[in-house]
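What follows is a short report on a single structure.
Just so it is clear: chains get the letters A, B, ... in the order the sequence lines come, proteins before strands, and each one is counted from 1.
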There are 2 protein chains.
Amino acid sequence: MNERQTSSGSREVTSSQAEQTRTALIRAALNLFGQKGFDGTSTRDIAAAANANIGSIAYHFGGKEGLRLACAGFIVETIQRIAGPAMAAAAVPGEGERGEAAAMAQIDAILQRMVGFIVAEPQAGEIVQFVLRELSHPTAALDAIYAGVFEPVHRRLCAIWAAATGEEAEAEETRLRVFAIIGQVVYFRIGREAVLRRMGWSSIGLTEAARITGVITENVHAIRGAVKGRSS
Amino acid sequence: MNERQTSSGSREVTSSQAEQTRTALIRAALNLFGQKGFDGTSTRDIAAAANANIGSIAYHFGGKEGLRLACAGFIVETIQRIAGPAMAAAAVPGEGERGEAAAMAQIDAILQRMVGFIVAEPQAGEIVQFVLRELSHPTAALDAIYAGVFEPVHRRLCAIWAAATGEEAEAEETRLRVFAIIGQVVYFRIGREAVLRRMGWSSIGLTEAARITGVITENVHAIRGAVKGRSS
DNA sequence: GTCTATAGTCGGATAGAC
DNA sequence: GTCTATCCGACTATAGAC
């Protein structure tokens, strides 16, 4: 019932019963929202999946809507934890031939990670689905995700692309170009069902992801070559 | 709008009262399903938007689920009516330098139309949204759309791409490449909300669509150059 | 063919016991 | 903090009047 921290020494890692229920609810909700949509998911299902009771949703999040917002926060944290270090570590290289080559190498690495996470990672499915739904019907949850993920990642990619091509990082053309590159990756998740049928694949695992990465990488290098060649 | 034809001779295109209600329901449903999702839309709303009564849905389509399937059929008809002639008229050119150039010209034209329709056309919004939802959670409606739209269009594009590059039309690489190209276009609809915010646009109209088309066209030409250059 | 009334189900929220 | 019982509203589907 009333769980109290024993006063003996170090506190547990704040995984109180309350916190456990909270995260269990978020994970269950994220999973179900991604799978069946916000409207298609009942709070009863969420509570059942989280092994919690219905009332706890209202208690912890104020209601279903609050739970959605909490999911957005969880997504931002997750992505920042996964992609944050990789992005930050990849300092934008200086100018010159060597810098450009280094920038392209970074892009290659990022593309591979993006395909791996967005397209092939089964665990990411729920996150991607959730975000896609928010994109087509924005709520307050999208604001958090845009500010915490979309904007910084896109800005970062623009900077690296600029370093790889000599273009202006925040030029309209650069921003559009980066969107087009992201689109190549993302479509393999969104159109996954069509891709599977057309390719005769039963799923997108490591093998298939490698094929996709190969094609996209080749495309991006070709585009970079054209952009660079244009200015000289 | 709708031709009022007496049922003398011509097909069932006659707009009897029943047929009128039917199509009004489909259009309303497509709009609302695309906007708020299948689960998020009530039959009451659909009936109200179509100026029909609730019972008529059961009468004409057997229920909400049947209405979804009818929407899929409507989408297939619409797309085939719009894109069908353009696709069919564009016969795959022969081989040789001239044929390849002609194929690229066709691709340019198709890209422009695709961006115009998918990204900028406000009327297409509901169709695109509906299809996206089906893609992420396939029902019987997707089967109809895949067979009637996705498969033929993608196959056609592969053939044209093959004519433009000398590659094999049904090679795994070609199919993936075409998906990547489509992805560049589609993302500007899916990620529209993110694009708008990042670009500082308030909507995607003719001006913005032209910018997008410009970038994507340049990308595709660059990719084609790389693929062609590789084999020689 | 169209409309109304109603049956039957399910969802979100909440009050109150523990 | 957690759980149960319950209210109220909204939904789909259907039967039957017109």
Side-chain angles (χ1 to χ4, degrees), chain A residues 1-7 11-33 35-71 133 137 139-141, chain B residues 2 4-7 12-33 35-71 133 139-141:
Chain A
M1 307 297 193
N2 226 350
E3 174 76 27
R4 304 192 65 193
Q5 281 294 344
T6 54
S7 55
R11 269 193 157 197
E12 289 303 321
V13 198
T14 63
S15 64
S16 59
Q17 179 75 15
E19 202 62 28
Q20 261 180 315
T21 304
R22 228 187 100 90
T23 58
L25 281 171
I26 290 178
R27 296 195 71 94
L30 187 56
N31 186 16
L32 288 168
F33 287 162
Q35 213 166 88
K36 317 201 295 176
F38 185 77
D39 294 313
T41 304
S42 68
T43 52
R44 285 173 170 82
D45 286 346
I46 297 169
N51 268 83
N53 61 80
I54 312 173
S56 57
I57 291 174
Y59 177 77
H60 285 290
F61 308 101
K64 199 185 182 184
E65 195 59 43
L67 187 46
R68 159 151 64 184
L69 210 56
C71 286
R133 286 177 196 282
H137 297 289
T139 70
Chain B
N2 272 350
R4 285 192 169 273
Q5 284 191 327
T6 54
S7 57
E12 298 169 358
V13 193
T14 58
S15 48
S16 60
Q17 180 74 18
E19 203 60 29
Q20 260 181 316
T21 304
R22 229 188 100 90
T23 57
L25 282 171
I26 290 177
R27 296 196 69 94
L30 187 56
N31 185 17
L32 288 168
F33 287 162
Q35 212 167 91
K36 318 201 294 178
F38 185 78
D39 293 313
T41 303
S42 68
T43 51
R44 283 174 171 78
D45 287 346
I46 297 170
N51 268 86
N53 62 81
I54 312 174
S56 57
I57 291 175
Y59 177 78
H60 286 289
F61 308 100
K64 200 185 181 185
E65 195 60 43
L67 187 46
R68 160 151 63 183
L69 210 56
C71 286
R133 287 178 195 282
T139 70

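For the pair A:Phe61 CZ and D:dG1 P, the computed distance is 13 Å after rounding to whole Å. At whole-Å resolution of the value, NZ in A:Lys64 and P in C:dT14 are 15 Å apart. Regarding B:Asn51, its CG atom lies at a distance of 19 Å from the P atom of C:dG1, rounded to whole Å. Atom CD1 of A:Ile46 and atom C1' of C:dG11 are 11 Å apart (whole Å). In this structure, the CD1 atom of B:Ile57 is 15 Å from the C1' atom of C:dT4, given to the nearest Å. In this structure, B:Ile54 places its CD1 atom 11 Å from C1' of C:dT6, rounding to the nearest Å. Spacing between atom CZ of A:Phe38 and atom C1' of C:dG12 amounts to 10 Å, rounded to whole angstrom units. Spacing between atom NE2 of B:His60 and atom P of D:dT14 amounts to 16 Å, rounded to whole angstrom units.
Contact between A:Ile46 and A:Thr41 at its shortest, heavy atoms only, is CG1-CG2, 3.6 Å. Closest approach of B:Thr21 to B:Ala52, counting heavy atoms only: CG2-CB, 4.0 Å.
Considering only the side chain of B:Ser42, D:dC11 comes nearest among C:dT2, D:dT4, D:dC11. Between C:dA13, D:dG1, C:dT2, one nucleotide has an atom nearer to the side chain of A:Arg44 than all others, and that is C:dA13. Comparing D:dG1, C:dA13, C:dT2 by their closest approach to the side chain of A:Tyr59 singles out D:dG1. Relative to the side chain of B:Ala58, the nucleotides D:dT2, D:dT14, C:dT2 differ in distance, and D:dT14 lies closest.
Note on B:Ser56: nothing from the nucleic acid sits closer than 4.0 angstrom, heavy atoms only.
To the nearest 0.5 angstrom, A:Ile57 atom CD1 is 12.5 Å from A:Glu65 atom CD. A distance of 9.5 Å separates NE2 of B:His60 from OG1 of B:Thr23, quoted to the nearest 0.5 Å.
Not a single donor-acceptor pair under 3.5 Å links the side chain of B:Arg68 to the backbone N or O of B:Thr139.
Dashed line: the shortest gap from a side-chain N or O of A:Thr43 to OP1 or OP2 of C:dG11 is not under 4.0 Å.
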